[in-house]
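See structure below.
Every chain is numbered from 1, with letters handed out A, B, ... down the list of sequences.
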Number of protein chains: 2
Amino acid sequence: MAATIKQVAAAAGVGIATVSRVFSGAGPVSAATRERVLAAARELDYRPSAAARSLKTRRAGGLGLIVPDVTEPFGAALVAGVLDCARSLGEHVLLDASQGDPAREAEIVERMRAQGVGGIIAVPAGDPETWRPVVRAGTTVVFADRALPELPRVPAVLTDDASGVRSLTEYLVGLGHRRIAFLGATGPGRPADARERAFRATLEGLRVPVDEELVVAARPERDSAYAAAAGLLQARADVTAVLAAGHLVGEAAVLVARELDLRVPADVSIAMVDDVAWAELCDPPLTAVARSGHAVGYHACETAAREPSRRAAPGPLLLPTELVIRGSCRPPRGRSVREAGTSRAR
Amino acid sequence: MAATIKQVAAAAGVGIATVSRVFSGAGPVSAATRERVLAAARELDYRPSAAARSLKTRRAGGLGLIVPDVTEPFGAALVAGVLDCARSLGEHVLLDASQGDPAREAEIVERMRAQGVGGIIAVPAGDPETWRPVVRAGTTVVFADRALPELPRVPAVLTDDASGVRSLTEYLVGLGHRRIAFLGATGPGRPADARERAFRATLEGLRVPVDEELVVAARPERDSAYAAAAGLLQARADVTAVLAAGHLVGEAAVLVARELDLRVPADVSIAMVDDVAWAELCDPPLTAVARSGHAVGYHACETAAREPSRRAAPGPLLLPTELVIRGSCRPPRGRSVREAGTSRAR
DNA sequence: TTGAAAGCGCTAACAC
DNA sequence: GTGTTAGCGCTTTCAA
């Protein structure tokens, strides 16, 4: 169906090598010849075969992109970032979703390798064994939004969640909160660890005791998030603030508070990590830690395209987060900011 | 780097054709030989080259997917649907975002064709000329979420928006509303036409006059949506209900109502098309027309994979929508549902 | 500056 | 059942 290089060559009255030179941009071709070739090609609707080219050059090109779930706002933004960067690089992208399942991820990686992608950008599902052989085989791999400690040599682009959680925790404590619940979001691609550690560390730094009962974790599903939030808020009416470590638990906290007739922020303050669209639509709008999935994707793609040799020093690239203060947090009932400040001082 | 079929053949002590038979699944191979080949392949970490295969078979495989924006909830769901289906088909997918720009779309299509994809699924940006040559060249094309009237022969998978809007309009009128504002969402991939037409038709069918001043449209950006909603609600305090034809205008309506100190649903009822995550988190939760992007993507992918010959009769596949009633709509002030019913009868 | 020719790794006839 | 062989469309020496 499609025209081949041979037909174009014949039509233009030149050798196939010349046509190849015109299209691959390499090698010298006289302007006149180039014109003739281009005209013939246009006439025949010729389109160089990517398959043949990559068979010959042994690099197929294209970037593989693996995210847990394109439906998650952060994942979608990450994909958009990669797409934007790939576009400027002239690369195409192969996308697949791992659902955070290592077995599925392994399959996807396998297929992408067979496709001959020039590099893979992934939010890794967790199993380092999936990646070790890939890296060893020389395929460029860049981790995004999550790194695997077992593979410190693989470049990674992350958001600085620890600092985001620290800011948020300090903000809450500064408002006067002492009994702050931490709703962790573990699961695929998102072990609560970093965020939870940051929460604990900040509290300790501020000399606020960590109430273990108030640190809970949910799997990344609505049900689990809801159960965790409900269990927490029902059992402990003395909680004055909830720090949700992800938008799913944030959503759950808002819903549970409403169910329990807890007014936000009069009865409980709520804040979360991930500034998703609805944070602003909530009533009151939710204070959140914003992190840019687009930036993560864009930088990951840039890194993947860069020559491995001229890459930045090892260690993940940490992108900043931003604390967006809206109306969902207030000093705990019966205390003003001032009193809170005082009580912190003593 | 990677092992070739030749090396595997040598290692297994067989001819390359045998190895090919084992991996392509075609042709008879004795169990013993197959085992030997598989073992050798595993040993060498052999992976058939997709490039060589598609060069030979002249069908590269893979599906191209073009959406306006992966960041839109509906678009993301559509992508997820395609991914799910492609996975079960054993196909990979090439993704790109057109931003609803025909020129960009044309570029993307061009690249995908060069890649030799087996079919393209697209939410078309609007220019039929992009698609005509593709279709003529014999490439499988399936439109999703939007069809091009100029190309009636291209299979399409759509949601039945007209019926969704009709249900919603009837619901609102049934509640007693007469001055219903329609906030259209035009723009990339989403001409308000179908929804607006359904709105008008339903109103007319119900003998409710259409107030032209209350039918406005916004471009699919937050600013434009907000401006449209604000202009409408400020100019016409007598509006009792807002039907937002998309989640962006829905969001704008909620925000503007809050800004204007309009209580929902006491002062205005609000409902929208597209049941996005925040609809349930709003206070009150928003009544919405749900349509499944996942289903659209899944079916589009199935259609693209099906033999063109054994495809269903022409005409788009219409997927159902569902009216999800929540708390954001109520009879207009000073009227009960009963009165409203009465007034409708007269 | 251009053309001829040798494959890249694989599949599909066709022989055995 | 299995091996041999002829390309698929392209890039890339090497000569001319």
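Summarising the geometry, the separation between NZ on Lys6(A) and P on dG3(C) is reported as 15 Å, rounded to the nearest angstrom. As a whole-Å value, the separation of Ile5(B) CD1 from dG3(D) P is 12 Å. At whole-Å resolution of the value, CG in Leu55(B) and C1' in dT11(C) are 10 Å apart. Between Arg47(B) atom CZ and dC10(C) atom C1' there is a gap of 16 Å when expressed in whole angstrom units. Rounded to whole Å, the distance from CZ on Phe23(A) to C1' on dC10(D) is 12 Å.
The phosphate of dG9(D) (OP1 or OP2) has no side-chain N or O of Thr4(A) nearer than 4.0 angstrom. Dashed line: the shortest gap from a side-chain N or O of Thr57(B) to OP1 or OP2 of dT11(C) is not under 4.0 Å. Here Ser30(B) reaches the OP1 or OP2 of dT2(D): one of its side-chain N or O atoms lies under 4.0 Å away.
With the nearest nucleotide of DNA chain D identified for both Thr33(B) and Ser49(A), Thr33(B) has the one nearer the 5' end.
Here the side chains of Val67(B) and Leu65(B) are in contact, with some heavy-atom distance below 4.5 Å. Side-chain atoms of Leu317(A) and Pro155(A), non-hydrogen and from C-beta on, never get closer than 4.5 Å to each other.
Closest to the side chain of Pro48(A), from the set dC10(D), dC8(C), dA12(C), is dC10(D). Proximity note for Ile16(A) (side chain, C-beta onward) versus dC8(C), dA5(C), dT2(C): the nearest is dA5(C). With dG9(D), dT11(C), dC10(C) as the choices, the nucleotide that has an atom nearest any side-chain atom of Ala52(B) turns out to be dC10(C).
Arg113(A) has a carboxylate O that lies under 4.0 Å from a charged side-chain N of Asp45(B), or vice versa, which qualifies the two as a salt bridge. With respect to Arg104(A) and Glu107(A), no salt bridge is recorded, no charged nitrogen being found less than 4.0 Å from a carboxylate O.
Here Val19(A) lies out of heavy-atom contact (under 4.0 Å) with every strand. Val14(A) comes within contact range of the sugar-phosphate backbone alone, with a heavy-atom separation under 4.0 Å but no base atom that close.
Residue side chain Arg21(B) reaches the base of dG3(D) through a donor-acceptor N/O pair under 3.5 Å, judged by distance alone. Contact annotation: side chain of Lys56(B) to base of dG9(C), donor-acceptor pair absent below 3.5 Å.
Ile120(A) contributes atom CD1, which lies 11.0 Å from atom CD of Gln115(A) (distance to the nearest 0.5 angstrom).
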